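Report on one structure; see the data block that follows.
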2 protein chains.
Amino acid sequence: MTAHPELTRNQTLVLKALDRAEGPLSAYGILDRLRDDGFRAPLQVYRALEKLQQFGLVHRLESINAFVACCQPHGHRHETIAFAICSHCGRVDEFSDAAVEERLNEWVRAHRFKPAKTTIEISGECADCTARGAG
Amino acid sequence: MTAHPELTRNQTLVLKALDRAEGPLSAYGILDRLRDDGFRAPLQVYRALEKLQQFGLVHRLESINAFVACCQPHGHRHETIAFAICSHCGRVDEFSDAAVEERLNEWVRAHRFKPAKTTIEISGECADCTARGAG
DNA sequence: CGTCTGAATGTTATGACATTACATGTCGAT
DNA sequence: ATCGACATGTAATGTCATAACATTCAGACG
Ligand SMILES: [Zn+2]
Ligand SMILES: [Zn+2]
Ligand SMILES: [Zn+2]
Ligand SMILES: [Zn+2]
């Protein structure tokens, strides 16, 4: 599964919708954009999103219940990823920091905690929006 | 607002419900536990939770849409807090790490991002549950 | 006292996000 | 052909959160 298989039709459509979007989209937002492609029910979106997340092509933003296409060309699965989310324009920046990852891993080891998923999200206002004097 | 004022009746009830709970509670879970105290609608819970979060007495766990009472005796407002959430037993451990906070602050400074709220949540299985051989 | 005002509360309705359950289709392996 | 694994279609339901509006409460002030 390292090189994920061909995407199905629905997965391709969902990924394209996210790629074309300016910012994160909710599942229902994706659904609305795919009505013309035959999408009728939320489950079609959620099922595609689940696979795309497994492939590392899409990330879920827990703090805003939305999804973004991964900015890396071929996805990634093993790093801890942090997100900076502009609550004004929706821009999402994705980054990883080895020191952050290492410190969290230390806590986890020290407490014998078996991590399954790590969420790091900073919400706020991006530089552009701040410069423009956004509210 | 450093020493937060007296809590109102509803705020007190919600905080007590969270204190008594084993793990995190959803807003509707809190509502159910406060029916006998006269609670009838979700808004009563959400309004109390909003204030309690401002006072630093309650934290929202974004990745599971739930709330926990702060484990510090008098709350805290200025640190970046990380949570380790056991998806098996619901146990939540709260910790902060200066190095993590500093690294995230560096990214934010470098990108002129104006942070409003930082979420760090590690979901997984706690040591006790792993030892018990949980699934 | 009476009134004004801001905060908290009560209530109904609605919106937003996500999953369960079951039926159907597709395609390669045997 | 038939089987199994996976993807899909559809309806119904469950879960989380807020909008809108009316009412109540407690302190400030003349
Ligand atoms: Zn990515
Ligand atoms: Zn922005
Ligand atoms: Zn705390
Ligand atoms: Zn546990």
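Owing to the predicted nature of the structure, the values given are computational and were not obtained by experimental measurement. To find a chain, count down the sequence lines: A is the first, B the second, and so on, and within it residues start at 1.
Taking only side-chain atoms of R47(A), from C-beta outward, the nucleotide of dT19(C), dT11(C), dA21(C) with the closest atom is dA21(C). Side-chain atoms of P42(B) lie closest to dT18(D) of the nucleotides dA8(C), dT18(D), dA18(C). Comparing dG9(D), dG10(C), dT18(D) by their closest approach to the side chain of L43(B) singles out dT18(D).
Linking ILVMFWY residues whenever their side-chain heavy atoms come closer than 4.5 Å, directly or via other members, leaves F55(A) and I81(A) in distinct clusters. Residue L57(A) is grouped with residue L34(A) when hydrophobic side chains (ILVMFWY) are merged at heavy-atom distances under 4.5 angstrom, including chains of intermediate members.
A straight line from CZ of F39(A) to C1' of dG9(D) spans 11 Å, rounded to a whole angstrom. The interatomic distance linking E50(A) (CD) with dT20(C) (P) rounds to 10 Å, in whole Å. Distance CG (N10(A)) to C1' (dT10(D)): 13 Å, rounded to an integer number of Å. Atoms CD (Q53(B)) and P (dA17(D)) sit 10 Å apart, rounded to a whole Å. The distance from atom OH of Y46(A) to atom C1' of dC16(D) is 11 Å, rounded to the nearest whole Å. The CG atom of L61(B) sits 19 Å away from the P atom of dT15(D) (whole-angstrom rounding). Atom C1' of nucleotide dG27(D) and atom CD of E6(B) are separated by 15 Å, given to the nearest angstrom. What separates CD of E62(A) from P of dC17(C) is a distance of 14 Å, to the nearest Å.
Between E62(A) and K117(A) there is a salt bridge, with a side-chain nitrogen of the basic residue lying less than 4.0 Å from a carboxylate oxygen of the acidic one.
Phosphate contact (OP1/OP2 of dC17(C), side-chain N/O of S26(A), threshold under 4.0 Å): present. Regarding contacts with the backbone of dG10(C), a side-chain N or O of Q44(B) is found under 4.0 angstrom from either OP1 or OP2. Dashed line: the shortest gap from a side-chain N or O of T8(A) to OP1 or OP2 of dC6(D) is not under 4.0 Å. Between N65(B) and dC17(C) there is no side-chain N or O to OP1 or OP2 distance below 4.0 Å. Contact annotation: R9(B) side-chain N/O to dT24(D) OP1/OP2 distance is not under 4.0 Å.
With DNA chain C read from its 5' end, the first of the two nearest nucleotides for I64(A) and G38(B) is the one closest to G38(B).
In this structure, the aromatic ring of Y28(B) is not positioned over the six-membered ring of the base of dT15(D) within 5.5 Å between centres and 30° between planes.
Looking at Q44(B), its side chain does come within 3.5 Å of a backbone N or O of A41(B) through a donor-acceptor pair.
Within the nucleic acid shown, R40(B) comes within 4.0 Å of sugar-phosphate atoms alone, with no base atom in reach, counting heavy atoms only.
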- [ ] Run the numbers on E50(A) and R47(A) for salt bridge (charged side-chain N to carboxylate O under 4.0 Å, His left out), then give the verdict.
- [x] CA-CA 5 Å; E50(A) 183 177 33; R47(A) 287 201 275 229; over 6 Å; no

